[in-house]
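Since the model is a prediction, treat every value here as computed from it, not as a measurement. In this chain, residues are counted from 1 in sequence order.
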Amino acid sequence: MVVEVGYAQAWDLEACAPWRPMSAEEARQRDAAGLPYVVVYREPGREAPLEVRLVSWRDCYVGLWVYDAQGRRTYDLDLRLLDDPSRLLRRYSVGWYYTDPEMAEFDQACPRITVELFPDGRGRRTEERQGQGGGSYVTSPVLRDDERWMDRPAFGEWPLLSAQVHGLTEPPAFETAEVALAAQPGDADAPAACWRPPRPAQPGPINELFRPGVRVSDGYHPEMTVVEPHRVGTLRVPSGLLAVSGPDLGHDDGPRITVPVPPGEYVLDEARVRFSYHCEWRDAEVTTTEPTAVRLLVSETPAATWEMALGPDDDPRLFVEQQTTGFDTDGATGCFADAAAWNHLITLFERGLIRGESDLGRVRRPRRRFHVHAAHLGRGFRRRAHVLRDDRRRYLPGVGRPLRGR
C-alpha cells in the first residue's frame, strides 16, 4: 500500500487540513531546531488522513491523531521526551470506539478508553463502556517496558503508528507529497483551531482580584465586584523558604510546595468580592461578600506575571492540556509557614485546633471561613492557615514574578 507523506507548520483541526504546507527539507530543519511541525499520512483516493503527527521537541512533545474513513478522530496519543533522548513515554492516550457510522465525533455516548502512564511505572486505565456519564471501570495497567516506552525514530524514519488500526499487514511504501502552496515564514497568524502542544492551566488575572472596583465572574455569578482586600496579619519567614501546603498532610511528608523569598516578615491579604444573587431559602435578592484568594505580599510592586507554584515531584514535561498542580486537602484549608518550622508548627496546629489544647495558638471563625494562627514565640516562627471555601479538594498556588531586573 502506498501512503503519501506531507508536512506543514500546523494542522487545522476544524478544517481537517494542513496549515502552511512545507517541503520535507523545511520540516527537517524545524525538527533539528525543535520547532513544531506536523506530518500528514494519506491514502490516495481517501479524503480523510490516516493519521497526523505533531512534533515539537522544544515542548518535549509528540502527538498523534488517528482518523477513520468518516473523518472522525478515533485515537489520541501523547508522547513525551524526558531525560533519555533516545525514547519517548506513552504519557496519555484516548481511544473512541464509535458504535455507528453516523455517530458524531466525540459523541458523549461513544465508548472510550483512557490510559495515563508515568515514568515511575504508575498508571491508570479508565474504561467507559457506555460513554461519558455511563459509569467507568478504573484499573492499574500492567504493561511491559516496551509498551510504556517507544524508541525515538529519527526524522523521516517514523512508521505509520496506526497501520494495524487501518488493517495494514505489511509496511506501507511512503511517498513524499508535493507541496501545493509555498510556506510563509513565521507562525504568529496560525488559526485558533490549529493543533498545538498541550498547555498547563494558567493562574489567571490574580492581580485584578486585589484591585477594588474590578468586575469579575466565577462562572456562576455573572457580575462580582472586587472590594478592598482584608489584611489578615503578618507571617515571619526567617529562613527565607516559604512553605505552602495543606495542614492535613503527614508530618514526614513536609510541605507540598516551597518558594524561596528574602528572609523577613510579610503581610497576608485576603481578596474579596461583593455580589448579589437570588436566595431560594429567603426568596429574595441577597448581597454578600466572599473571599476569593489569599496572598503573601513580598513586594508592593505588582507582579508582572504569574505562574503555577510547583512541588518537587511536579514535572511540567508530563502535564496534559489544562492540567493543574497544587496541594490536596480534605479540610479545604491552605497554609503559609516558614518551611524550617513546618513540622513543629503543624504539631501546634493539630494540638490547638483538633485536640483543643489551650495557649498554643488562636482560632478566629468569621462566617463561612476561618484563619488559624500558630506561633512558636521562642523561635519567632508563625504559621497561618486559611479556609476560603468548603467545596474544593485541591488548591492551585501561584507565584508572581516581577519585571526582569527588579
Rounded distance (nearest 0.5 Å) linking atom [atom1] of [X] with atom [atom2] of [Y]:
X: Leu117; Y: Ser93; atom1: CG; atom2: OG; result: 7.0 Å
X: Trp11; Y: Glu14; atom1: CH2; atom2: CD; result: 13.0 Å
X: Leu296; Y: Phe336; atom1: CG; atom2: CZ; result: 6.0 Å
X: Asp107; Y: Gln132; atom1: CG; atom2: CD; result: 10.0 Å
X: Asp315; Y: Thr325; atom1: CG; atom2: OG1; result: 11.0 Å
X: Ser86; Y: Trp149; atom1: OG; atom2: CH2; result: 9.5 Å

Should the pair [X]-[Y] be classified as a salt bridge under the 4.0 Å nitrogen-to-oxygen rule?
X: Asp269; Y: Arg231; value: yes
X: Glu290; Y: Arg272; value: no
X: Arg317; Y: Asp83; value: yes
X: Asp12; Y: Arg20; value: no
X: Glu127; Y: Arg125; value: yes
X: Arg199; Y: Asp59; value: no

query = Is the distance between the ring centroids of Tyr75 and Tyr97 less than 6.0 Å?
reply = no
Donor-acceptor pair, side chain of [X] and main chain of [Y], under 3.5 angstrom:
X: Glu128; Y: Ser136; result: no
X: Glu270; Y: Leu268; result: no
X: Ser23; Y: Glu26; result: yes
X: Arg73; Y: Leu13; result: no

task = Begin with the C-alpha distance, continue with both residues' side-chain angles, and end with the deciding distance and a verdict on side-chain contact (heavy atoms from CB on, under 4.5 Å) for Leu209 and Val214.
result = CA-CA 8 Å; Leu209 296 178; Val214 173; over 6 Å; no
I want to check something: taking the side chain as every heavy atom from C-beta on, are [X] and [Y] in contact at a cut-off of under 4.5 Å?
X: Tyr61; Y: Leu79; value: no
X: Ser245; Y: Ile257; value: no
X: Thr258; Y: Leu242; value: no
X: Leu88; Y: Arg80; value: no
X: Leu310; Y: Pro316; value: yes
X: Val94; Y: Ile113; value: no
X: Pro229; Y: Pro212; value: yes
X: Asp314; Y: Arg256; value: yes

request  = Applying ring pair (Phe, Tyr, Trp, His ring centres under 6.0 Å), run through Tyr92 and Phe118 and close with a yes or a no.
outcome  = CA-CA 9 Å; Tyr92 182 86; Phe118 296 91; 9.9 Å; no
task = Using the side-chain contact (heavy atoms from CB on, under 4.5 Å) rule, take Val38 and Tyr7 through it: C-alpha gap first, then chi angles, then the decisive distance, then the call.
result = CA-CA 6 Å; Val38 297; Tyr7 300 89; over 6 Å; no
Which heavy atom of [X] sits nearest to which heavy atom of [Y], and what is that distance?
X: Ala201; Y: Thr324; value: CB-CG2, 3.5 Å
X: Tyr37; Y: Val39; value: CE1-CG2, 3.6 Å
X: Asp338; Y: Gly240; value: OD2-N, 4.3 Å
X: Gln70; Y: Pro101; value: CG-O, 3.8 Å
X: Gly246; Y: Trp342; value: O-CZ2, 3.7 Å
X: Arg124; Y: Pro141; value: N-CD, 3.4 Å

request  = Find out whether the Lys NZ or Arg CZ of Arg53 is both under 6.0 angstrom from the six-membered ring centre of Trp158 and within 45° of the ring's axis.
outcome  = yes
inquiry  = Here's one to test your reading of the geometry: is the NZ or CZ of Arg72 within 45 degrees of the ring axis of Tyr98 and under 6.0 Å from its centre?
reply    = yes
request  = Start with the C-alpha gap between Tyr266 and Val298, add the side-chain angles, then the distance that decides, and say whether side-chain contact (heavy atoms from CB on, under 4.5 Å) holds.
outcome  = CA-CA 6 Å; Tyr266 301 101; Val298 178; 4.0 Å; yes
For Arg148, all residues meeting side chain to side chain donor-acceptor pair (under 3.5 Å), sequence neighbours excluded = none
ask   = Does Asp146 have any side chain to side chain donor-acceptor pair (under 3.5 Å) partners at least two apart in sequence or in another chain, and if so, which?
value = Arg144
request  = Mind running ring pair (Phe, Tyr, Trp, His ring centres under 6.0 Å) on Phe106 and Trp96 for me, showing each step along the way?
outcome  = CA-CA 7 Å; Phe106 304 151; Trp96 290 266; 4.5 Å; yes
request  = Kindly state each residue pair satisfying salt bridge (charged side-chain N to carboxylate O under 4.0 Å, His left out) with at least one member in residues 151-173, sequence neighbours excluded.
outcome  = none
Can you find a side-chain donor-acceptor pair between [X] and [Y] that sits under 3.5 Å?
X: Thr225; Y: Arg274; result: no
X: Thr234; Y: Glu265; result: yes
X: Trp65; Y: Asp76; result: no

Side-chain atoms of residues 42-50: list all donor-acceptor pairs with protein atoms under 3.5 Å, sequence neighbours left out, distances to 0.1 Å.
| unit_1 | atom_1 | unit_2 | atom_2 | d |
| --- | --- | --- | --- | --- |
| Arg42 | NH1 | Glu47 | O | 3.0 |
| Arg46 | NE | Ala48 | O | 2.8 |
| Arg46 | NH2 | Pro49 | O | 3.0 |
| Arg46 | NH2 | Tyr67 | O | 2.8 |
| Arg46 | NH2 | Asp68 | O | 3.1 |

inquiry  = Would you call the rings of His221 and Phe275 parallel, tilted or perpendicular, taking 30° and 60° as the class edges?
reply    = tilted
key: Criterion side-chain contact (heavy atoms from CB on, under 4.5 Å) on His166 and Met1, from CA distance to verdict   = CA-CA 11 Å; His166 295 297; Met1 176 180 174; over 6 Å; no
Residues forming a side chain to side chain contact (heavy atoms under 4.5 Å, CB included) with Pro263, sequence neighbours excluded = none
request  = List in chain and number order the residues that pass ring-ring contact (aromatic ring centres under 6.0 Å, His included) with Phe174, two or more places apart in sequence or in another chain; answer none if no residue qualifies.
outcome  = Tyr41
Using a cut-off of 6.0 Å, state whether more than 12 heavy atoms not belonging to [X] lie near its atom [atom1].
X: Gln130; atom1: CD; result: no
X: Glu102; atom1: CD; result: no
X: Glu105; atom1: CD; result: yes

